[in-house]
Amino acid sequence: MILGLKNPFFLSPLANITIPPFRRLCAEIGADVTVSEMTFARGLILNQLKSLNRIQKSKHEKKFGIQLLTNNVKELIDSINIIEEQKLADFIELNLGCPKRKITNANLGAALLIPKNSRLLLNLLETGGSTTTIPFSIKMRLGFSEKTYLNILKHAEKNNIAFATLHARLAIDSYKIPINVANWNEAVQKITIPIIANGDIPNKEIGLKILENSKISGIAIGRAARGNPKVFNKNFPLSLAAQYKILIQYMKDSNFFSPLYVKIQSNDFLKKFRYSSYLRNKITSMQNLEDIVSTTREALEAYG
Ligand SMILES: Cc1cc2nc3c(=O)[nH]c(=O)nc-3n(C[C@H](O)[C@H](O)[C@H](O)COP(=O)(O)O)c2cc1C
């Protein structure tokens, strides 16, 4: 069981995409667990509006985790204390996977998987696992060589880490390189903490097959949920146009009705239609938010 759930489906965090309104829609359609996008622990401690907005939980999110970026034990403790005191989340997750240069240059995310950081990482795992009263999890890539991930998972096992989401790619791998299913299997054979499989899972049906045929404890779906929240429940009765309308309403009800987020979501919702590249280019150059919304809705209603 993870967070009291058997074989849950996670909406994997996607920066700028899994904003609170999108998480809420996915949760209402069928995602069991939602996670904030990566959030600088320092931003949370300094009460920065951008960080606080992104970690708002809606009551429709059944189980919600806040994902932290930090390489500092004191920062980790302070942010855990804030999250717990204010009851902001059901679990706290440490990001050990982001390979973006901006993040790794700051010695954060996947950089914590570099062998020279192993002592630091161990301290962070020990601190997280012993400070929280709610579950503390990790989300990781395999590391910089395939030798890394099992060692880290073993440390996690010893340090009260509740579960680990394993994106089965090396930190340096691009998305063009397929994930290696053997890594999930090796992890569940050798490690006792629950493993959430992540990477290239295109839909719930494939996720269910993975759960059926392995000792994997849950599934995290990221990119396949973009513009496609029905990935969590193909029988959800509303059309894509209707889902988009609801999403826009949720964005208006929160602090996310802005050109950046509306353009991202509109492009995502249109992406699977043939000839959508013309429309998506048009949307990218549009300035008026209501025009972007009506252009997207009309297209979804016509083609959806
Ligand atoms: C645009 C984008 C943003 C992402 N942002 C995050 C993030 O904030 N935190 C995180 O742990 N992973 C992040 N990821 C990684 C995904 O959560 C996931 O691990 C990865 O995409 C593999 O799963 P998928 O094949 O289902 O997308 C991001 C990936 C993408 C493509």
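Counting convention: from 1, in listed order, for ligands and their atoms alike.
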Checklist entry - So which protein heavy atom does atom 20 (C) of ligand 1 come closest to, and at what separation? => result Tyr175 OH, 3.2 Å
Checklist entry - Going by the order shown, which atoms of ligand 1 are within less than 4.0 Å of some heavy atom of Gly199? => result 22 (C), 23 (O), 25 (O)
Next on the checklist: Under a 4.0 angstrom heavy-atom cut-off, which atoms of ligand 1 come close to Asp200?
Outcome noted: 24 (P), 25 (O)
Checklist entry - If hydrogens are left out, which of Gln67, His167, Met38 has an atom nearest to atom 11 (O) of ligand 1, that is, the closest non-hydrogen atom? => result Gln67
Checklist entry - Got Phe64 and Val33 here, is their nearest side-chain heavy-atom distance under 4.5 Å? => result no
Checklist outcome for this item: Output for pair (Ser258 OG, Ile19 CD1), nearest 0.5 Å, gives 7.5 Å
Item to check | Where ligand 1 meets Arg223 - atom numbers and elements under 4.0 angstrom, heavy-atom basis | outcome: 21 (O), 24 (P), 25 (O), 26 (O), 27 (O), 31 (C)
Item to check | Per-residue contact class, Asn198 against ligand 1 - non-hydrogen pairs under 4.0 Å | outcome: side chain
Checklist entry - Of the protein's non-hydrogen atoms, which lies at the shortest distance from atom 2 (C) of ligand 1, and what is that distance? => result Leu14 CD2, 3.9 Å
Checklist entry - How long is the gap from CD1 on Ile196 to CD1 on Ile221, to the nearest 0.5 Å? => result 12.0 Å
Checklist entry - Is there a side-chain contact between Ile55 and Leu88, using heavy atoms and a 4.5 Å cut-off? => result yes
Checklist entry - For atom 26 (O) of ligand 1, what is the nearest protein heavy atom, given as residue, atom name and distance? => result Gly222 N, 2.8 Å
Item to check | Modelled atom types, side-chain donor and acceptor of Asp253 and Gln249, under 3.5 Å | outcome: yes
Next on the checklist: Which residue and atom name correspond to the protein heavy atom nearest atom 6 (C) of ligand 1, and how close is it?
Outcome noted: Pro13 O, 3.1 Å
Next on the checklist: Checking the side chain of Asp268 only, and the main-chain atoms of Gln265 only, is there a donor and an acceptor separated by less than 3.5 Å?
Outcome noted: no
Checklist entry - Among protein heavy atoms, which lies nearest atom 5 (N) of ligand 1, and at what distance? => result Ala15 N, 2.8 Å
Next on the checklist: Suppose we measure from atom 1 (C) of ligand 1 to each protein heavy atom; which comes out shortest, and what is that distance?
Outcome noted: Ile17 CD1, 3.9 Å
Checklist entry - Which ligand 1 atoms does Asn95 reach within 4.0 Å, using its non-hydrogen atoms? => result 9 (N), 10 (C), 11 (O)
Checklist entry - Looking at Lys139, which atoms of ligand 1 are within less than 4.0 Å of one of its heavy atoms? => result 10 (C), 11 (O), 12 (N), 15 (C), 16 (C), 17 (O), 18 (C), 19 (O)
Next on the checklist: Are Phe256 and Tyr250 an aromatic pair, judged by ring center distance below 6.0 Å?
Outcome noted: no
Checklist entry - Does the ring center of Phe232 lie less than 6.0 Å from the ring center of Phe9? => result no
Item to check | Polar contact flag for Ser12 and ligand 1 (N/O pairs, less than 3.5 Å) | outcome: yes
Item to check | Shared hydrophobic cluster, Ile179 / Leu153 (ILVMFWY, side-chain heavy atoms < 4.5 Å) | outcome: yes
